[in-house]
Amino acid sequence: MSVLRMDSVYGGYGGADILCGVSLEIGPGEIIAVIGPNGAGKSTAMKAVFGLAKVRQGSIHFMDKNITGLAADRVVQQGISYVPQVDNVFPSLSVEENLDMGAFLRKDDFSAQKRKIYELFPPLAERRTQSAGTLSGGQRQMVAMGRALMLDPKLLLLDEPTAGLSPRYMDQIFAIVRDINSLGISIMMVEQNARQALGLAHRGYVLATGANRFSDTGANLLANEEVARMFLGG
Amino acid sequence: MVTEVLQLIIYGVIYGSIVALGAVGVSLTFGVLRFANFAHGDLMTFGAYMVLAAYVGFALPMWLSVIVALAMTASLAVLIDQTLFRRFRRANPMILLISSFGVGLMVRSLVQIIWGGSTQVYDPGIQFPYQFWGLRIRPDHLIILGGTLVLVVVLHLFLQKTRMGKAMRAMADNPDLARISGINTDRVIIWTWIMGASLAAAAGYFLALDSRLQPDMGWFILLPVFAAAILGGIGKPYGAIAGGFIIGITEELSTLILSPAYKPAVAFALMVAILIFRPTGIFKGAR
């Protein structure tokens, strides 16, 4: 059984289709990297999964349940969490309150989950009461990921988690992605830093102009000459 | 001279309390729903008249009348939201603004139809002010100051300590992220109206205590209320409270050099100045 399956999805934001037949699959415990040039529809594909972009044709299944066209607030209830690329924290709320908001749907005691997240992101533990708007880019990314993990999702969607970060933070975030994955959470990651992303991912998909171009294991895509020439900058 | 200035500051704090409570409501609804609610002043009027209905009409004790008025005004606001504003959630904020203008007219007219256009009071007769160090303060003023203090503390605890209060701040920060985090934004909106309208009703009651009941009392105080909300950085409830006191004190002190008839103009001038020089409000915020 796959965690997520997109079958030839067409759609976008109401105008012309941005996605022109995207298919992909994520197995249990897998990290999937989606790469490709700007405007290839990578982020849109992710937003289609989360109900933020319209699916005109095709289907999306999560744990064998059809979630095509489900609104975002319902998708999150199914066990998928999404970390947008920008504006992904509540700036005037403290780090702790940001995590609390991630757990809004939970009626049970989630203090254990919060402890787990502070263990995963030690810099956040020291800054619990600091407002998220005053944190550095890398720390904000940690808050955003922490918030998304509060519901203990089965699948985490990361939209360019390292965009705009310094190389030091970039490595740290990739390491954290691996840590999160080792907790048994499947991850779909859209990335511009394609080499590192493919190095980390179990499998990768290369999108171009809204459709699949290549899909293989991360290692094979890195070794593929055509992919390297066209999408990895030689 | 010192006594005179101190006396004006006392009046300013009293008037400022009323403006502040109104401005918090405007700021909350703006923060969460992203539109300037022109019916807010008329919610204040409605609250003041609901106190009258309970206190004079049903002869309830005053404290109970105020609680009834808060509940009725909150219910009216939620009813208006669910029947009208709800349809415009994704519409241009200008459409919401204009429709709130219409709602204000309707509420004001409703008050006028039921209670008539003439001025009324809760308790007829003259209150003798307390005197101390040459300063005067009426018992009603102490109710206004004490009541405002209690409500501000309640609001603070609500925003900082409760799940719904935090969600309200989160939604004001970033509504899209609130939705994708699984926050039930419809419930947050309802609670925003409950809080905003209750504070409006309290402000209306205090305004009527300070002067008299009149169907257009809330409409006329809307300008200083908006000025206070903008001064504090619209969408920021704590800024709105500070803005209310600044407006109140400035208006009262202005009577030292200007005719009291110009008081509303002072609020307006402050609002224009803030919009020109510090459009995000006097307090530094995250955004």
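In what follows, chains carry the letters A, B, and so on, assigned in the order in which the sequence lines appear, proteins first and then strands, with residues in each chain numbered from 1. Please read these numbers as outputs of a predicted model, since none were measured by experiment.
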Side-chain contact test, heavy atoms from C-beta onward, threshold under 4.5 Å: evaluate it for B:Met271 versus B:Leu275 and give yes or no. yes
Using the ring of A:Tyr118 (Phe, Tyr or Trp, six-membered ring only), decide whether A:Arg128 places NZ or CZ under 6.0 Å from its centre and within 45 degrees of its axis. yes
In terms of side-chain heavy atoms, does A:Tyr13 have a donor or acceptor partner in A:Thr44 at a distance below 3.5 Å? yes
Step-by-step side chain to side chain donor-acceptor pair (under 3.5 Å) determination, A:Arg147 to B:Ser181: CA-CA 8 Å; A:Arg147 192 219 84 234; B:Ser181 299; 2.9 Å; yes
Can you find a pair of side-chain heavy atoms, one from A:Pro84 and one from B:Ile180, that are under 4.5 Å apart? yes
So which atom in A:Ser59 and which in A:Thr68 form the shortest heavy-atom distance, rounded to 0.1 Å? CA-OG1, 3.4 Å
Considering only NZ, NE, NH1 and NH2 on the basic side and carboxylate oxygens on the acidic side, decide whether A:Lys114 and A:Asp100 come within less than 4.0 Å. yes
Which portion of A:Val89 sits near chain B, non-hydrogen atoms under 4.5 angstrom: backbone
Could you report the tightest heavy-atom contact between A:Ala45 and A:Val22, atom names first, then the distance? CB-CG1, 4.5 Å
So which bits of residues 187-206 of chain B come within less than 4.5 Å of chain A, counting non-hydrogen atoms only? none
Out of A:Leu93, A:Val75, A:Thr134, return the one with the most heavy atom pairs under 4.5 angstrom to chain B. A:Leu93
What part of B:Asp176 lies closer than 4.5 angstrom to a heavy atom of chain A: side chain, backbone, both or neither? neither
For the candidates A:Gln77, A:Met101, A:Arg74, A:Met150, which exhibits the highest count of non-hydrogen atom pairs separated by less than 4.5 Å from chain B? A:Met101
Using heavy atoms and a sub-4.5 Å threshold, report which of residues 242-251 of chain B line up against chain A, by residue number. none
So for atom CZ, which belongs to B:Phe268, do other residues, nucleotides or ligands contribute more than 12 heavy atoms lying within a distance under 6.0 Å? no
Looking only at non-hydrogen atoms, find the nearest pair between B:Thr29 and B:Gly25 and report the distance. OG1-O, 2.8 Å
Salt-bridge criterion met for B:Arg89 and B:Asp81 (N-O under 4.0 Å): yes
